[in-house]
Amino acid sequence: MTKFPILYWPRKTTGDSEYQLARKVINSTTGIMPDVCADDIDISAVLSANPNAAIYYPVFCGSTGWWGELLGGDAVVCDKLIISPECQLMVIESRQTCKSRGRTQLLAAEIYPSSGFFKKMNSGIATVTDMLATNTGTILALFSGHNQSQFINVLESTGNSYLGCIGQY
């Protein structure tokens, strides 16, 4: 069953070639032209009101912290569509109706930046996808990897905290 697509686009749409490309990619993937939301979006509220929806959330090169509101909620990333070198669309659905399309998991953690931690992570366990510094000196980080238990073991062995999985694609 095809999910009803909603494209969240926080930038001006007029003359934006990535916006046009995003609509075209969604239409060719789903067979349905997406509704567009240009205002701030409350992902949980949209999915509660529309359980058969899929929100296409753009992540632009250089943007940080886009995933924070998914932690602890019902929304999860179920797929990723690359539309250009500067933009990818994260497909966000309700946890109850999401059917994962792959093995790559998105794992969130609160870390204390240290070279030892990054050396262990760079050994192929997980790859840093996004990072956001906090005013307490820690970093909220999103990793992509295939083995959640191995990730948690390394993370906790270095004194850092696992925050959860926000989906897989």
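For this chain, numbers begin at 1 and follow the sequence in order.
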Heavy-atom side-chain contact between Gln168 and Thr104 under 4.5 Å: no
Between Ile92 and Tyr8, is any pair of side-chain heavy atoms under 4.5 Å apart? no
Residue pairs meeting ring pair (Phe, Tyr, Trp, His ring centres under 6.0 Å), one or both in residues 150-169, sequence neighbours left out, come to Phe143-Phe151
Would you call Lys99 and Glu93 a salt bridge, taking side-chain N to carboxylate O under 4.0 Å as the test? no
Ignoring hydrogens, what is the shortest heavy-atom contact between Pro5 and Ile32? Give both atom names and the distance. CG-O, 3.7 Å
Donor-acceptor pair between Gln96 and Ser94 side chains, under 3.5 angstrom: yes
Distance alone, cut at 3.5 Å: any donor-acceptor contact between the side chains of Ser161 and Glu110? no
Strictly by ring pair (Phe, Tyr, Trp, His ring centres under 6.0 Å), give each pair with a member in residues 86-112 just once, sequence neighbours left out. none
Thr134 versus Ile139: any side-chain heavy-atom pair under 4.5 Å? no
Determine the minimum heavy-atom distance between Ile43 and Ala75, stating which atoms define it. CG2-CB, 3.5 Å
Treat each ILVMFWY residue as a node, draw an edge where side-chain heavy atoms are under 4.5 Å apart, and state whether Val154 and Leu107 are in one component. yes
Heavy-atom closest pair, residues Cys61 and Pro85: CB-O, 4.4 Å
Same hydrophobic cluster for Val36 and Val59, using side-chain heavy-atom links shorter than 4.5 Å among ILVMFWY? no
When you look at Tyr56 and Asp79, which way does the side chain to side chain contact (heavy atoms under 4.5 Å, CB included) test go after all the steps? CA-CA 9 Å; Tyr56 290 78; Asp79 203 358; over 6 Å; no
Starting from Val25, can I reach Met90 by hopping between I/L/V/M/F/W/Y residues whose side chains sit under 4.5 Å apart? no
Return the minimal non-hydrogen interatomic distance between Gly73 and Arg95, and the atom names on each side. O-NH2, 3.4 Å
Going by heavy atoms in the side chains, are Cys37 and Trp9 under 4.5 Å from each other? no
Looking at OG of Ser84 and CG of Leu21, how far apart are the two atoms once the value is rounded to the nearest 0.5 Å? 7.0 Å
Mind checking whether Thr29 and Leu81 have side chains closer than 4.5 Å, heavy atoms only? yes
What about Ile41 and Tyr19, same hydrophobic cluster or not, with Ile/Leu/Val/Met/Phe/Trp/Tyr joined at side-chain heavy-atom distances under 4.5 Å? no
Contact check, side chains of Trp67 and Leu140, non-hydrogen atoms, under 4.5 Å: yes
Distance col, row Gln88:CD vs Glu18:CD, nearest 0.5 angstrom, shows 11.5 Å
Please evaluate residues Leu7 and Tyr57 with respect to the criterion side chain to side chain contact (heavy atoms under 4.5 Å, CB included), reporting the C-alpha separation (whole Å), side-chain torsions for both, the decisive distance (0.1 Å), and the verdict. CA-CA 7 Å; Leu7 173 61; Tyr57 194 107; over 6 Å; no
Please report the shortest heavy-atom distance between Cys165 and Gln105, naming the atom on each side. SG-CB, 4.3 Å
Donor on one side chain, acceptor on other, Asp16 and Thr14, under 3.5 Å: no
Spatial distance of atom CG (Leu89) from atom CD1 (Ile55) [nearest 0.5 Å]: 12.5 Å
Roughly how far apart are Asn50 CG and Ile6 CD1, rounded to 0.5 Å? 5.0 Å
Answer whether the closest heavy-atom distance between the side chains of Ile26 and Met33 falls below 4.5 Å. no
Would you compute the distance between atom CG of Asp42 and atom OG of Ser48 and round it to the nearest 0.5 angstrom? 8.0 Å
Approximate separation, where rounding is to 0.5 Å, of Thr13 OG1 and Arg23 CZ: 9.0 Å
The side chain to side chain contact (heavy atoms under 4.5 Å, CB included) partner of Leu106 among Asp130, Ile166, Val76, Leu70 is Ile166
Please report the shortest heavy-atom distance between Met131 and Ala141, naming the atom on each side. CG-CB, 4.0 Å
Linking I/L/V/M/F/W/Y whenever their side-chain heavy atoms sit closer than 4.5 Å, directly or via other members, would Leu71 and Val46 fall into one cluster? yes
